[in-house]
**Q** 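Take a look at this one; I'll ask things after.
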Amino acid sequence: MHKQQIGLIDCNNFFVSCERLFRPDLERVPVVVLSSNDGCVVARSKEIKDIGIPMGVPYFQIKDILRKAKAVVFSGHIALYRDISRRVFEVVRQEVDTMEQYSIDEAFFFIPADADPQAYIAHIKDTVEQQIGIPISIGVAASKTQAKYASTIAKKTRGLHICDEAQWESLVSEIKVEQIWGVGAGLARKCKQHGIVSVADLLQLDTSRVDAVFGVVGRWLQSELAGVITSPVESKRLLQKSLMNSRSFSKTTQDIAILADAAAYHTRQIAAELRSMGAACTLLRVSIRTSRHGDFFLRGGSKEVVFQAPTADTFELINTAETLMQELYEAGVPYQKVGVQVGGIILQSDKPATLFADTRPDTKALLQAMDVLNISAGRELLTIGSRLRTDAWKAKSETRSPAYTTRWKELAIVSA
DNA sequence: TCTGGGGTCCTAGGACCC
DNA sequence: TCTGGGGTCCTAGGACCC
């Protein structure tokens, strides 16, 4: 009987692979996908990685290089990627006992004790690639954190890698802490200060020192790296904890009317999303930010309000967001981004009765009718709380691909 | 000129209470 | 007149991830 192993599925160059699904002619052609506002590179094909373009680099800095490389550039189209992601992991879910989707392109799963791991993961890979057409890699090891590292080896080899105990032990002295999932710039700096360079160094540190220096995060990391499953594979809760909507402006603004308009827009999006989930929230947070580059980078912040009763009412949420915006706003500061976030999400059916009579007007029917219209239009036909007719802060997308799978009019013709 | 958006989790510090 | 210390909750911010 051997120890339980964990696998990590990772879609290769996911956003690029999604675009290629509908443009097979782009196979082996350098392709990048950009973030909203065409700000920076968020996905790169192998050809792009090979010419040394890093992840997250601002688009304007590499425009020329891309042109010379005859690269094809897409504006990010997240609704399409989400839809394809759903299809990929629907297939995976059929193949495994327990699956935990970790991000839009990754999921953990357990290898069954009685399975031959190599054959098991090879079958998953083949099935996904045949049925959906998105290439994937799979790494397997003793814990999530180890599996994550195994998947980086998988990507460099033939897409599958099983890292057993013996191999892991032979590797730990070569793996640098900053290569580990969960170790970012902050933790890496702290490790360096304490003379911890490799994973082996971290493993040798005694528990009380780990606690004192790194707190619970360090303790968690140490166990995971030692092959102890601290975080088992769990199918995610049905409901996420928070929902967020935010966007950078194409240019900064000091105008509170524009900021309030943006906040109202994000709030409407979230309220509609809550209603489509059949959920409500008990907390709303508004945040405003300046550019990270320049003199005002420390200005801005966030404020939140907790509701007495859960709500998904656009009117109530917008009123709250507006109040928070007024409190946050400082004249003369060039703001670049507005975000709205809700938390304490619960299903409406779980909604506890309040002790106090609900004196708010019943807006349910009106909001429902509005949702139906807006959803079928694929955009905001009817809005609440918008006083401006400005698109100053909205996204520009130069090269977005059509909404192949999410809007009927743009549906791709697929021949069997 | 132009540097993303959407999540989860942890923690520091203040308010408040006994 | 003396004016403590510990616990808990809340808020804001930050680290980290893809």
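Chain letters run A, B, ... following the sequence lines, proteins first, then strands; residues in each count from 1.
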**Q** In this structure, how many angstroms lie between the C1' atom of B:dC2 and the CD1 atom of A:Ile62, rounded?
**A**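 Taking CD1 of A:Ile62 and C1' of B:dC2, I get 13 Å after rounding.
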
**Q** Using 30° and 60° as the class boundaries, would you call the ring planes of A:Trp168 and A:Tyr149 parallel, tilted or perpendicular?
**A**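 A:Trp168 vs A:Tyr149 ring planes: perpendicular.
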
**Q** A:Gly215 or A:Ser246: which one's nearest nucleotide on DNA chain B is closer to the 5' end?
**A**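 Looking at DNA chain B, the more 5' nearest nucleotide goes with A:Ser246.
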
**Q** Tell me if a side-chain donor or acceptor on A:Ser151 pairs with a main-chain N or O of A:Ala154 at a distance below 3.5 Å.
**A**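 Answer holds: no.
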
**Q** Contact class for A:Ile78 (heavy atom, under 4.0 Å): base, sugar-phosphate, or nothing?
**A**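 Here A:Ile78 touches no strand at all.
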
**Q** Side chain of A:Leu243, heavy atoms from C-beta onward: which of C:dC16, B:dT11, B:dG7 has the nearest atom to it?
**A**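 That would be B:dG7.
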
**Q** Round to the nearest Å and state the distance from A:Leu34 atom CG to B:dC2 atom C1'.
**A**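 Atom-to-atom, A:Leu34 to B:dC2, this comes out as 12 Å.
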
**Q** To the nearest Å, give me how far apart CD (A:Glu178) and C1' (C:dC16) are.
**A**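 Rounded to whole Å, this separation is 15 Å.
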
**Q** Need one value for A:Gly56: base, sugar-phosphate or nothing, where a base atom within 4.0 Å counts as base even if backbone is also close, heavy atoms only.
**A**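 Answer is nothing: A:Gly56 stays at 4.0 Å or more from every strand.
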
**Q** Rounded to whole angstrom units, what separation is found between the CD1 atom of A:Ile104 and the P atom of B:dG5?
**A**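 Result: 15 Å.
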
**Q** For C:dC18 versus B:dT3, give the span between their P atoms, rounded off to a whole number of Å.
**A**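 C:dC18 and B:dT3 have their P atoms separated by 24 Å.
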
**Q** Once you round it to whole Å, what is the distance between C1' of B:dG6 and CD1 of A:Ile345?
**A**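 Those two atoms, CD1 and C1', are 12 Å apart.
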
**Q** Give, for atom OG of A:Ser143 and atom CD of A:Gln5, the distance between the pair rounded to the nearest 0.5 Å.
**A**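 Rounded to the nearest 0.5 Å, the OG-CD separation comes out at 10.5 Å.
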
**Q** For C:dC18, give its Watson-Crick or G-U wobble partner with both distances under 3.5 Å, or none.
**A**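 Its partner is B:dG5.
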
**Q** From OH of A:Tyr102 over to P of B:dT8, roughly how many Å is that when rounded to an integer?
**A**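 For the pair A:Tyr102 OH and B:dT8 P, the rounded distance is 11 Å.
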
**Q** Roughly how many Å is it from CD in A:Glu106 to C1' in C:dC17, rounded to a whole number?
**A**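 Answer to the nearest Å: 9 Å.
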
**Q** Angle class for the A:Phe108/A:Trp181 ring planes (parallel below 30°, perpendicular above 60°, tilted otherwise)?
**A**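 Rings of A:Phe108 and A:Trp181: tilted, 30 to 60°.
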
**Q** Hey, which sits more toward the 5' end of DNA chain B by its nearest nucleotide, A:Gln341 or A:Gly39?
**A**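 Per heavy-atom nearest nucleotide, the more 5' residue is A:Gly39.
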
